[in-house]
Amino acid sequence: MPRSYDPHAIEEKWQADWEATGIYSVTEDVDKPKKYVLEMFPYPSGDIHMGHVRNYSIGDVVARYFTMRGMSVLHPIGWDAFGLPAENAAIKSNSHPGKWTYANIEKQAASFKRMGFSYDWDRTVKTCDPDYYRWGQWSFLKFWERGLVERKSSPVNWCPSCKTVLANEQVLGDGTCWRCKSVVTKRELEQWFLKITDYAQELLDDLDELPGWPDRVKAMQANWIGRSEGAEVDFALCDESGEPCDETITVFTTRPDTLFGCSFFLLAPEHPLVKQFVVGTQYEAAVMDVVKSAEMESAIDRSSADKERAGAFTGRYVVNPVNGEKVPVWVSDYVLMEYGTGAVMAVPSGDQRDFDFARKYDLPIPPVVVAEDDELFGQLSGVRERVLADVPWDIAFAGDGVMVQSGEFTGMRGGKASEGMKAVTEWLAERGQGRFNINFRLRDWLISRQRYWGNPIPAVHCPACGLVPVPEDQLPVMLPMDVDVTKGETLADHPEFYETTCPTCGGAARRETDTMDTFTCSSWYYLRYCDARNDDAIWDPTKTDYWMPVDQYIGGIEHAILHLLYSRFFTKVYRDMGLVSFAEPFTNLLTQGMVKLDGATMSKSRGNVVAPEEIIAKYGADTLRAYILFMAPPDKDLEWNNDGLDGMWRFLGRAWRYIAEVAEEAAAGVSGAAAAGDSASKSLRSERHRVVGKVSDDIERFQFNTALSAMMELVNAAYDYRRAMPAGTRDVVLERDVAETLTLLLSPYVPHMAEELWREILGHETSVHLESWPAWDPSAAVSDEIEYAVQVNGKVRAHLTVAADAPTDDVQAAALALEKVVEHTTGKTVRKVVVVPGKLISIVVG
RNA sequence: GCCCGGGUGGCGGAAUUGGCAGACGCGUCGGUCUCAAACACCGAUGGUGGCAACAUCGUGCGGGUUCGAUUCCCGCCCCGGGCACCA
C-alpha cells in the first residue's frame, strides 16, 4: 500500500526547506520577462483571518504560476504597522504600541509562513521602522518643495472616539468614521493638507488608461473626484436702489443658461460675508438663527436630503449681470461652504432645491428653459422679455429644453453643456463678468493626525520664520518610544520632543507634534519593495523601472477610493519629481470579495469568526488554500461554510493516491504499453492536454474555482482509465505523465503536497517550485470523434457521433437519417438545416 | 434621484464568441467493504407525469430578435454597493 496523504507530516518540513534554500528570493533578471504580483499589505493585528487567507492565497497562486511560466516574479510582503489599533491595544493591556505591533508582526508572519506563501521575505518593510518612515518624511519634504503641502484652517472632520481629524475619504457615506463607526463632527481647525486636488483632472483622465481595473472601482473613483463643467459668474453687490457697489461675489454654476431665471441669491451659513451683512441690522436675529442651527447640526442631519430647508433674508442685494435685475441675498443651510464658492445663484424653475425654497419663502419662479412638450412652450416660445414671473409647475424642470424670457439668448437650446450655456458664458467672459470653469468634489487630503503611533510630520514652528521644514540631513524625525499612551499622552505632551531650535534662524522653536495619516505610509510601500534595504535613497530608479508598475494588484474593495486613490496620487508626484517613469502604479487590479459568515463580515466583536488555525490543525494549510479558492470566484463575496472542506480533502487524497499508485507500480516494475493507441488511452491523453490548457487559461482569468474543477476532472478520468484497463495493459508512460502533470498543476494551490509528491513519491531531486509549467498541445486535446447534438425545432432529440474530420454534408445527411429525427420530421417539410461545426445540428421543420 | 454589480437545482457554483442549462464539489438517497462504525469506493440525484422508453416545464418577471437566448434588445421587479442639498 502506498503511503497516504498526511499534511501534518510534510507541511512544516517543506516550509523550513524553502526558507533554508531561499527559493523565493528574487533579483532583477534582465533575461526574463518580469511580473510584479502584489497583495495589499496587512495591518498587523496579530491574527490571520479568512480574509487574509483568501487574499494571499489568490496572490500566491498567481505568483507561483507566473514563476513556472518562466518569468522573474516579485512577490513581497510587509506590514502597515502604524495606526490607532496599536494605541488602543496598548491602553487596554497597559503596554506600548510599538511593543504590541512588533510582537504582532512576529506572530502574524509565522502564520503567513505556516500557510506556505511564496514571499521574498528579504524585502519586508515595516512602516513603523525608522528606516522606512524616514523616506515617508523625505517624501513629505519633497511634496512641500513642490507646493503640494499646505497648512490651512478649514472645517474638518473630527472623530470624537479616535480623538483626531479624518480626511474626507475616511468618513463613510452615513457620516461615520471608517475605522470605529462613530459619528463624525465638524470642527474649524488648522491642519496639514496634501494638495491632491492639483491632480484631480489627471486622476480622473488616467482612469481611462486602466483597462485592467474593474469598472466598478473606476466608477467609484470618478464619482468621488466629481468633476462638473460650468461657469463662474460674478454678481456685484448693490445698495437698496440697485446701484452696484465695488464688491462682487462669485458663484459656480453648471447652468449659466438659466441665469435669466435667477430670482434670489444664496450664501452658506458659514460664509464670511454673512455676519458682515447683518450685524446691527433688523435682519440679524433671523439670519443668526439659521447660522446657529446649522452649526448645531451634525453632518448627517445637515446633509439629509428630505430635510426642510431653513433660510433668512440678509437685507442685501446683488445685480444679475445679464439683465441688471436686483436680486435679494438670502442665507440657507442647503448651501455648503466646502463646495464651489459657498455662494449660489438660485434658479428655482430649474433646480428642485431652489424651487422648494422659493415656494416656502414665497419667492418668484420665472421659467427660462422649457421643454417643447410643456404647456408653457406655446405661450413663451420666442418671448424675450419676462411676461410670466411664476410657473404653474409643481416641480422644477432641470432637463434640456428651449430658452425663453432670456433676452438675446431666447430660442437657443438650454441644458447642461448646451448651446445656451456656452453662449451665455461667452457673453459674460467678454464683459469680464464670468468665465468657463470646472469644479471638483474632491477635497485636499487632510493628513495630520493628533495621535502618537504614526510618522512625525517633519516641520518646525518658529516664532520668527514661521513654518520651517526639517532639513533632509536631519531625517528621520524619530518617534520617541517613551510616550505613555496609557496616560493619554501624545507628542504634544513631550517637551523633550517638541522643544527644539529653528533650522533656519537657530532660535527657540516648537516641533510639529501631529503625525501623518497612515495612508501616507501605504501610498508608496510597493515602490520601496523594489529596493527595500536602500539606506541612501528612497529607491534606486533602475530597480523601480525594472519591477514597476505592479502587474497584478490584489486586495479588498474597501480600498476602492482610499488607498488606491492616494497611491495613484503619490505615483504621479514621484513621476513629476523624476523618481519613476510611469503615471499609474497598478496595471491590473483584482478586488477580492469579502469572506462572510451568516451574511456578515467575520469579526471578533461580532463573534462570527472561523479561525484559519483550527482548519489548518485539522486539514493542513493546503486543503484550506485550495478550498477557499474553490468556493467562489475571487471577486465575489463568499459565505464561509465548513461543509465543503471534506470534499476538498477527499479530492487531494484521491489525487495523492493516484500519483502514489502510479509511482509504486513503476517502482515494482509493472510494465505495460507505451504510446498505446486504444481509445481509453487516447481519451486520457486528450483529457490531460485539455485540462492543462483549461487550468492555464483559468488561472490567467482568475477562475481558480474552475481550474480546480478541471483538475478534479483529470483525476476522475485517470481513475476511469485505471478501472477500464487492467494492470499490465495500461500505457505506463502516459500514466507517469498524467501523474507528473497533475503534481505540477496542483503545485501553486497546494505547494506542500505537490513538493512531497514531486520529491519523495515521484523521486525528483529538486523542488517542484523550480519546475516549468507543463506544456500542452491544443491539437492533442481534440479527440478524433465528435458528438453532435441534433435539434429539431430547437429541441435536442438525438445525439450523433461522427469522425472529427467528417464533411459537413455527411454530418447533415447522417443527422437527418437518425431514427429519432425521422420520428419528428415525418409528414413535415424540412425548411432549414444549420450545422455548427463540432457542436450541433439544428433542423427546422414545419 | 444618478452610477456600478448581481438574481441559475436543497447549497457553493459552471456554461470563455448566441449553440446540448446545471460542469465540478457539497448535501441527500441507494449500494460495496466491515461483526459494527469511521474511512474509502461504486451508482442515482432540477421540477412534474410515467414501470420505462420518453414527454413536458425550467436560468427574477413581461415582451422582442433568432433555426436556436442564462448570454443580445426593450420594459419592469427584487437584492447588494458607491455617490448625493455638489449648485
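All of these numbers come straight from a predicted model, not from anything done at the bench. Order of the sequence lines fixes the chain letters, A, B, ..., with proteins taken first and strands second; residue numbering starts at 1 for each chain.
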Ranking B:A87, B:C42, B:G82 by distance to the side chain of A:Asn223, first place goes to B:G82
Open item on the list: Any carboxylate oxygen within less than 4.0 angstrom of a Lys/Arg side-chain nitrogen, looking at A:Asp720 and A:Arg723?
Closed with: yes
### Query
Do any N or O atoms from the side chain of A:Thr623 and from the backbone of A:Gly620 form a donor-acceptor pair under 3.5 angstrom?
no
_Over all strands shown, is A:Asp646 touching base, sugar-phosphate only, or nothing at heavy-atom distances under 4.0 angstrom?_
nothing
- Query: Are the charged groups of A:Glu713 and A:Arg690 less than 4.0 angstrom apart, N to O?
  - Reply: yes
With a non-hydrogen cut-off below 4.0 angstrom, is A:Arg353 in contact with a base, only sugar-phosphate, or nothing? base
inquiry  = So that I know where these two stand, are A:Trp330 and A:Phe357 an aromatic pair - ring centroids less than 6.0 Å apart?
reply    = yes
To the nearest angstrom, the CZ-C1' distance between A:Arg654 and B:C42 comes to 11 Å
State whether A:Lys832 places a side-chain N or O below 4.0 Å from either non-bridging phosphate oxygen (OP1 or OP2) of B:C67. yes
Residues at least two apart in sequence or cross-chain that pass ring pair (Phe, Tyr, Trp, His ring centres under 6.0 Å) with A:Tyr658, listed by chain then number, are A:Tyr719
Looking only at B:C67, B:C86, B:C42, the nucleotide nearest the A:Arg441 side chain is B:C86
chi for B:G9 classified (syn = within 90 degrees of 0, anti otherwise) as syn
Of the listed B:U16, B:C24, B:C20, the closest approach to the A:Asp698 side chain comes from B:U16
Residues passing the ring pair (Phe, Tyr, Trp, His ring centres under 6.0 Å) test with A:Trp213, sequence neighbours excluded, are none
Between A:Lys416 and A:Glu713, whichever has its closest RNA chain B nucleotide further toward 5' is A:Glu713
Taking B:A40, B:C67, B:C20 as options, the one with an atom nearest any side-chain atom of A:Val844 is B:C67
Once base and sugar-phosphate atoms are separated, protein heavy atoms under 4.0 Å mark nucleotides 51-56 of chain B, 5' to 3', with B, S and - as ---SSS
Of the candidates B:U16, B:C20, B:C86, the side chain of A:Leu336 sits closest to B:C86
### Query
Within the structure shown, what part of the strands sits under 4.0 Å from A:Thr253 by heavy-atom distance: base, sugar-phosphate, or nothing?
sugar-phosphate
The correct list of stems in which RNA chain B takes part (3 or more consecutive Watson-Crick or G-U pairs, distances under 3.5 Å) is B:1-7 with B:77-83, B:10-12 with B:24-26, B:27-32 with B:40-45, B:46-49 with B:54-57, B:60-64 with B:72-76
Q: Assign A:Gly226 to base, sugar-phosphate, or nothing according to its heavy-atom contacts below 4.0 angstrom with the strands shown.
A: nothing
Review point. Between A:Asp234 and A:Arg435, is there a salt bridge with N-O shorter than 4.0 Å?
Key: yes
Separation of B:G6 atom P from A:Arg216 atom CZ, nearest Å, is 9 Å
- Should A:Ser228 be listed as having a side-chain N or O under 4.0 Å from OP1 or OP2 of B:A87? yes
note: A:Arg723, atom CZ; B:C41, atom P; distance rounded to Å ~ 10 Å
Output for pair (A:Leu446 CG, A:Glu169 CD), nearest 0.5 Å, gives 9.5 Å
Picking from B:C85, B:A87, B:G19, the nucleotide nearest the side-chain atoms of A:Val344 would be B:A87
* Any side-chain donor-acceptor pair under 3.5 Å between A:Thr741 and A:Arg688? -> yes
The side-chain contact (heavy atoms from CB on, under 4.5 Å) partner of A:Met631 among A:Asn705, A:Val595, A:Asn641 is A:Asn641
Walking RNA chain B from its 5' end, the first of A:Met712 and A:Val171 to be reached, judged by nearest nucleotide, is A:Met712
Give a yes or no on whether the ring-centroid distance for A:Phe630 and A:Phe704 is below 6.0 angstrom.
no
B:C86 phosphate, OP1 or OP2, under 4.0 Å from A:Arg227 side-chain N/O = no
- Quick one: does NZ or CZ of A:Arg441 land under 6.0 Å from the six-membered ring centre of A:Trp224, within 45 degrees of the ring axis? yes
Of A:Val329, A:Val290, A:Val291, the one forming a side-chain contact (heavy atoms from CB on, under 4.5 Å) with A:Val274 is A:Val291
Of A:Arg654, A:Arg722, A:Arg3, the one forming a salt bridge (charged side-chain N to carboxylate O under 4.0 Å, His left out) with A:Glu661 is A:Arg722
Report, one pair per line, the protein and nucleotides 11-14 of chain B atoms (nitrogen or oxygen only) whose separation is under 3.5 Å.
from: B:G12; atom 1: O2'; to: A:Met631; atom 2: O; distance (Å): 2.5
from: B:G13; atom 1: O3'; to: A:Asn705; atom 2: ND2; distance (Å): 3.4
from: B:A14; atom 1: OP1; to: A:Asn705; atom 2: ND2; distance (Å): 3.2

Discussion item. Check this one for me: any side-chain N or O of A:Asn716 less than 4.0 Å away from OP1 or OP2 of B:G25?
Written reply: yes
Within residues 786-793 of chain A, the residues having a heavy atom closer than 4.0 Å to RNA chain B are A:Glu787, A:Ala789, A:Gln791
- Task: Indicate whether any N or O donor in one side chain lies under 3.5 Å from an N or O acceptor in the other, for A:Tyr361 and A:Ser332.
- Result: no
